[in-house]
*Asks:* 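The structure follows.
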Amino acid sequence: MRHEVLHPRNWKATPGYSNGIAATGRMVFTGGIIGWNDQQEFETDDFGEQVRTALQSIVAILAEAGARPEHLVRLTWYVTDKQEYLSALKRIGQAYKEVIGRHYPAMALVQVVALVEDRAKVEIEATAVIPA
């Protein structure tokens, strides 16, 4: 069974995210994942590359539960600078498509004052549902 995208017929199409997803199955949750490598070291301060690394880490965590990117139902993004995020949208979109594909779960983005790791520019929480 595939997840069901929830989008009222008369609403304008959403670019790169879904307003809602309905799913049944085994739920998988990640903590806040930031853009450092598997040794907890930052390799770059580039916003787009930190997003790529965070998304790759999310995919690796999902794989531990037998989940794949298309099982994602929700992503919550925390960024330290909304303007830096907006300026990096092209690189973020490219990284997203290369790592996640063309699957767009429900998403929210929040600007925060800071993240626990000083070099972190983005932190992403993910929820996936593996269909029964």
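All heavy atoms count here, side chains included; hydrogens, waters and symmetry mates do not. In this chain, numbering begins with 1 at the start of the sequence shown.
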*Asks:* Working to the nearest 0.5 angstrom, can you tell me the gap between L62 CG and I130 CD1?
*Replies:* 8.0 Å
*Asks:* Looking only at non-hydrogen atoms, find the nearest pair between A126 and I58 and report the distance.
*Replies:*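 Looking at all heavy atoms of both residues, the closest pair is CB-CG2, 3.8 Å.
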*Asks:* Hydrophobic cluster membership, with links at side-chain heavy-atom distances under 4.5 Å among I/L/V/M/F/W/Y: are L75 and I100 in one?
*Replies:* yes
*Asks:* Are I34 and L109 linked, directly or through other ILVMFWY residues, by side chains that come within less than 4.5 angstrom of each other?
*Replies:* no
*Asks:* What is the distance from atom OG1 of T80 to atom CZ of F47, rounded to the nearest 0.5 Å?
*Replies:*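 Answer rounded to 0.5 Å: 6.5 Å.
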*Asks:* Check whether any side-chain heavy atom of F42 lies under 4.5 Å from a side-chain heavy atom of D118, and answer yes or no.
*Replies:* no
*Asks:* Do V112 and I33 share a hydrophobic cluster (ILVMFWY, side-chain heavy atoms under 4.5 Å, transitive)?
*Replies:*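 The answer is no; the residues belong to distinct hydrophobic clusters.
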*Asks:* Report the distance from atom CD of E43 to atom CZ of R52, rounding to the nearest 0.5 Å.
*Replies:*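 E43 atom CD to R52 atom CZ measures 12.5 Å (nearest 0.5 Å).
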*Asks:* Would you confirm whether R26, through its side chain, and A65, through its main-chain N or O, come within 3.5 Å as a donor-acceptor pair?
*Replies:* yes
*Asks:* Does V28 share a hydrophobic cluster with I124, counting links as ILVMFWY side-chain heavy atoms below 4.5 Å and allowing steps through other members?
*Replies:* yes
*Asks:* Would you say that more than 12 heavy atoms from the other residues, nucleotides or ligands in this model lie under 6.0 Å from the CZ of R119, or not?
*Replies:* yes
*Asks:* Between W77 and I92, is any pair of side-chain heavy atoms under 4.5 Å apart?
*Replies:*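 A side-chain contact under 4.5 Å exists here.
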*Asks:* Does any N or O in the side chain of T14 come within less than 3.5 Å of the main-chain N or O of Y17, such that one atom is a donor and the other an acceptor?
*Replies:* yes
*Asks:* Quick one: closest heavy-atom pair of A95 and G48, and the distance?
*Replies:*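 Closest approach of A95 to G48, heavy atoms only: CB-O, 4.3 Å.
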*Asks:* Can you find a pair of side-chain heavy atoms, one from D81 and one from Q83, that are under 4.5 Å apart?
*Replies:*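 When only atoms from C-beta onward are counted, Q83 and D81 do touch, with a gap below 4.5 Å.
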*Asks:* Could you pull out the closest heavy-atom pair between W36 and T53, with the gap in Å?
*Replies:*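 Shortest heavy-atom contact: O-CG2, 3.2 Å.
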*Asks:* Measure the CD-CG distance between E84 and D45 for me, rounded to the nearest 0.5 Å.
*Replies:*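 Nearest 0.5 Å value for the CD-CG distance: 9.0 Å.
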*Asks:* Ignoring hydrogens, what is the shortest heavy-atom contact between V129 and M27? Give both atom names and the distance.
*Replies:*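 So the minimum-distance heavy-atom pair works out to CG2-CG, 4.1 Å.
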*Asks:* Shortest non-hydrogen contact from P131 to H71?
*Replies:*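 Heavy-atom minimum between the residues: CD-CD2, 3.3 Å.
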*Asks:* Answer whether the closest heavy-atom distance between the side chains of K97 and R102 falls below 4.5 Å.
*Replies:*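 Yes, their side chains come closer than 4.5 Å.
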*Asks:* Does any part of the side chain of I21, heavy atoms only, come nearer than 4.5 Å to the side chain of R74, both counted from C-beta?
*Replies:* no
*Asks:* Hey, quick one: are I61 and F29 part of the same hydrophobic cluster, counting side-chain heavy atoms closer than 4.5 Å, chains of contacts allowed?
*Replies:* no
*Asks:* Determine the minimum heavy-atom distance between E123 and G32, stating which atoms define it.
*Replies:* OE2-CA, 3.2 Å
*Asks:* Would you say the side-chain atoms of Q111 and Y85 include a donor-acceptor pair closer than 3.5 Å?
*Replies:* no
*Asks:* Run through V99, V122, D46, V79 and flag the one making a side chain to side chain contact (heavy atoms under 4.5 Å, CB included) with V51.
*Replies:*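 Of all the options given, the one that passes is V122.
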*Asks:* Is a side-chain donor or acceptor of T30 paired with a backbone partner of E125 at a separation under 3.5 angstrom?
*Replies:*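 No: the side chain of T30 does not pair with the backbone of E125.
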